[in-house]
Amino acid sequence: MALAVTSSTSIVFSSSNRTEQGVQFNSSNFHPSDRSNRLPAAFSLSQKRSAAVKPLNAEPKRNDSIVPSAATIFAPDVVEKSVEVVDIEKLAKDLENSSPLAIMDKALEKYGNDIAIAFSGAEDVALIEYAHLTGRPFRVFSLDTGRLNPETYKFFDEVEKHYNIRIEYMFPDAVEVQALVRTKGLFSFYEDGHQECCRVRKVRPLRRALKGLRAWITGQRKDQSPGTRSEVPVVQVDPVFEGMDGGPGSLVKFNPVANVAGNDIWSFLRTMDVPVNSLHAQGYVSIGCEPCTRSVLPGQHEREGRWWWEDAKAKECGLHKGNLKEESVNGNGNGNGNGNGNSAADIFESQNVVNLSRTGIENLVKMEDRKDAWMVVLYAPWCPFCQAMEASYVELADKLAGSGVKVGKFRADGDQKSFAKQELQLGSFPTILFFPKHSSRPIKYASEKRDVDSLMAFINALR
């Protein structure tokens with residue numbers, strides 16, 4: 001697909017010496033081949049701002065005499081220029097197996113001041129480091145929901161000082177936030193889901209921000225949420241949001257680290273001595289708003305620290321809706337569109353893990369005097385949090401082999417979900433139950449620590 005974009009404004013550097021807003025420019029000092037010798041930030045232009053420059057949240061129909069602001073670069077001149085037509089399908093194919101640095105360099109080369117990095121205050125600081133390494137000017141924006149951790153705000157300040165940049169902050173509409181809080185209270189999302197709050201505080205501000213751009217850069221990775229983000233491409237036409245020219249196909253989305261594992265991102269950050277959010281040292285991996293984010297425990301998937309009171313299907317805020325697999329976010333939470341999730345490969349496959357049928361689990365519940373105690377996980381194979389504890393659960397089964405405690409699994413999604421909720425205390429996936437030898441009522445494992453030692457301690461306390 002070819003993305004055709006046109007505009008009457010573009011940013012270029014003057015061909016002669018001149019002074020703009022107190023900043024001296026000399027075309028003889030700026031050469032693409034000499035980028036490595038420039039200042040170690042996003043170009044020296046980032047040091048000053050102009051009150052005459054519009055912020056990122058430009059209106060869809062803007063005055064062509066107004067140039068969108070550059071938080072990390074400063075526009076010295078404005079001229080009439082047509083914009084290159086980019087074949088996105090070809091670009092995606094060319095970059096499919098490229099490094100994050102190469103993808104970032106190509107994105108900044110093609111879109112210049114019309115592209116910006118979306119920075120959440122978490123490990124996607126790697127995007128800013130990659131942009132810095134290209135030696136090209138770049139822009140960074142972030143969504144300030146008004147509910148972020150103090151550590152995240154401090155981190156924003158550290159990043160600005162480290163890279164000598166200014167982050168372009170986008171805020172929610174005050175009237176919308178006021179109406180939501182006055183009507184439903186400060187913590188309504190604990191009761192009726194986080195989607196409404198995220199829509200007001202994140203999605204709508206993002207939509208406004210992207211209206212001032214032709215492309216944006218995100219930190220999405222395929223391994224962040226195997227159930228929803230496993231098919232994220234490195235570059236695409238954004239399927240949800242619109243750019244400054246308006247209409248479907250008017251915005252390009254780059255995901256430079258889509259194919260990079262989380263561990264490799266952290267190795268990169270440590271190697272480059274990049275500042276990181278202090279919350280990471282406290283067990284936070286995926287970081288969002290303070291009321292909706294907490295640290296993850298051993299055996300948990302990184303996204304399980306987000307909106308932990310909700311089922312696995314709801315672990316997205318809506319910013320990347322177009323990249324989510326439909327079967328993982330449908331309203332039933334069954335794993336796919338037909339409601340039974342049969343297309344997902346099964347998990348907890350081990351000779352020491354007994355696969356219980358509906359009849360088998362019903363018989364186990366009815367028994368009042370069992371020959372052996374049982375540990376059973378209620379799971380859905382598409383659930384990333386079930387997948388995250390697979391290794392520890394299989395290891396537990398191997399350790400308990402022949403000990404008098406049997407380890408089983410019962411697939412509780414699809415047609416079995418209603419039964420599991422009514423009869424087996426299913427709240428969200430995974431739910432772990434212990435069936436003592438001499439009791440008919442199963443005991444639910446309340447902790448979210450799913451490492452082998454924690455599960456074993458639970459069993460030893462009850463058997």
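Positions are given from 1, in the same order as the sequence printed here.
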Problem - Close side-chain approach of F410 to T431, heavy-atom, < 4.5 Å - result: no
Practice task
Please say whether more than 12 non-hydrogen atoms of neighbouring residues, nucleotides or ligands are located less than 6.0 Å from CG in D192.
Solution key: yes
Fill in the blank from the handout: Here the gap from R139 atom CZ to R166 atom CZ, rounded to the nearest 0.5 Å, amounts to 15.5 Å
Handout entry: Whether Q425 side chain and P442 backbone form a donor-acceptor pair below 3.5 Å
Key = yes
Handout entry: Separation of L396 CG from D451 CG (nearest 0.5 Å)
Key = 10.0 Å
Problem - Straight-line distance of R199 CZ to E176 CD, nearest 0.5 Å - result: 9.5 Å
Problem - Side-chain touch F348/M389, heavy atoms, less than 4.5 angstrom - result: yes
Practice task
Taking N277 for its side chain and F155 for its backbone only, find out whether a donor-acceptor pair lies under 3.5 Å.
Solution key: no
Practice task
Hey, could you give me the NZ/CD1 distance between K106 and I103, rounded to the nearest 0.5 Å?
Solution key: 11.5 Å
Exercise for the section: Indicate the atoms forming the closest heavy-atom contact of Y393 with G408, along with that distance. Expected result: OH-O, 2.6 Å
Exercise for the section: Report yes or no: does K417 contribute a side-chain atom to a donor-acceptor pair with the main-chain N or O of L426 at less than 3.5 Å? Expected result: no
Handout entry: Donor-acceptor side-chain pairing of K222 and N259 below 3.5 angstrom
Key = yes
Fill in the blank from the handout: Nearest heavy-atom contact between D372 and K437 is C-CG, 3.7 Å
Handout entry: Side-chain donor or acceptor of Q236 paired with backbone N/O of V252 under 3.5 Å
Key = no
Exercise for the section: Any chance you could lay out the side-chain contact (heavy atoms from CB on, under 4.5 Å) test for R411 and Q416, step after step, and finish with the verdict? Expected result: CA-CA 7 Å; R411 182 168 178 173; Q416 306 302 331; over 6 Å; no
Identify all side-chain donor-acceptor contacts of residues 280-291 below 3.5 Å with residues at least two apart in sequence or on another chain.
{"unit_1": "H280", "atom_1": "ND1", "unit_2": "Y284", "atom_2": "O", "d": "2.9"}
{"unit_1": "S286", "atom_1": "OG", "unit_2": "R303", "atom_2": "NH1", "d": "3.3"}
{"unit_1": "S286", "atom_1": "OG", "unit_2": "R306", "atom_2": "NH1", "d": "2.8"}

Practice task
State whether the side chain of S142 and the backbone N or O of F119 hold a donor-acceptor pair below 3.5 Å, judged by distance alone.
Solution key: yes
Exercise for the section: Flag yes if more than 12 heavy atoms outside K161 fall under 6.0 Å of its NZ atom; otherwise flag no. Expected result: no
Exercise for the section: Dump the intermediate steps for side-chain contact (heavy atoms from CB on, under 4.5 Å) on Y111 and F254, then the final yes or no. Expected result: CA-CA 11 Å; Y111 290 95; F254 286 84; 3.8 Å; yes
Practice task
Would you mind reporting whether P430 and V377 have side-chain heavy atoms less than 4.5 Å apart?
Solution key: yes
Exercise for the section: Measure the shortest side-chain to side-chain distance between V365 and L424 over non-hydrogen atoms and say whether it is less than 4.5 angstrom. Expected result: yes
Problem - Pairwise side-chain contact, P381 with D413, heavy-atom cut-off 4.5 Å (strictly under) - result: yes
Fill in the blank from the handout: For S350 and D398, the nearest pair of non-hydrogen atoms, with its separation, is OG-OD1, 3.7 Å
Handout entry: Expected output: side-chain S250 to main-chain G243 donor-acceptor under 3.5 Å
Key = yes
Handout entry: Pairwise distance CG(L279) to CZ(R294) - rounded to 0.5 angstrom
Key = 15.0 Å
Problem - Exam field: side chain D124 to backbone S120, donor-acceptor pair closer than 3.5 Å - result: yes
Problem - N/O donor-acceptor pair under 3.5 Å between D238 side chain and F241 backbone - result: yes
Handout entry: Value rounded to 0.5 Å, distance of CZ in F171 from CZ in R201
Key = 12.5 Å
Completion exercise
When E129, H132, E158 are each screened for side chain to side chain donor-acceptor pair (under 3.5 Å) with Y163, the one that passes is E129
Practice task
Measure across R370 and M367 and return the closest heavy-atom pair with its distance rounded to 0.1 Å.
Solution key: NH2-O, 3.2 Å
Exercise for the section: Would you check if the distance from the ring center of Y153 to the ring center of Y169 is below 6.0 Å? Expected result: no
Exercise for the section: Fit a plane to each ring of W382 and F429, take the angle between them on a 0 to 90° scale, and name the class: parallel (under 30°), tilted (30 to 60°) or perpendicular (over 60°). Expected result: perpendicular
Practice task
Check whether any side-chain heavy atom of D173 lies under 4.5 Å from a side-chain heavy atom of V200, and answer yes or no.
Solution key: no
Exercise for the section: Kindly check if the number of other-residue, nucleotide or ligand heavy atoms within 6.0 Å of CG (N263) is above 12? Expected result: no
Problem - Side-chain touch I443/F458, heavy atoms, less than 4.5 angstrom - result: yes
Problem - Minimal non-hydrogen separation, M104 against L127, with atom names - result: CE-O, 3.3 Å
Exercise for the section: Start with the C-alpha distance between S454 and Y445, add both sets of side-chain angles, then the distance that settles side-chain contact (heavy atoms from CB on, under 4.5 Å), and finish with yes or no. Expected result: CA-CA 10 Å; S454 297; Y445 180 64; 3.5 Å; yes
Handout entry: Within 45° cone of F419 ring axis and under 6.0 Å: R358 NZ or CZ
Key = yes
Practice task
Taking the side chain as every heavy atom from C-beta outward, state whether N355 and V353 have any atom pair closer than 4.5 Å.
Solution key: no
Problem - Cation over ring face, R147 and F187, 6.0 Å, 45° - result: yes
Fill in the blank from the handout: Note: L180 and C197 closest approach over all heavy atoms is CD2-CA, 4.0 Å
Exercise for the section: List the steps, then state whether side-chain contact (heavy atoms from CB on, under 4.5 Å) holds for N149 with K154. Expected result: CA-CA 9 Å; N149 296 79; K154 292 179 182 178; over 6 Å; no
Problem - Qualifying salt bridge (Lys or Arg N to Asp or Glu O under 4.0 Å) pairs with a residue from residues 454-463, counting only residues at least two apart or across chains - result: none
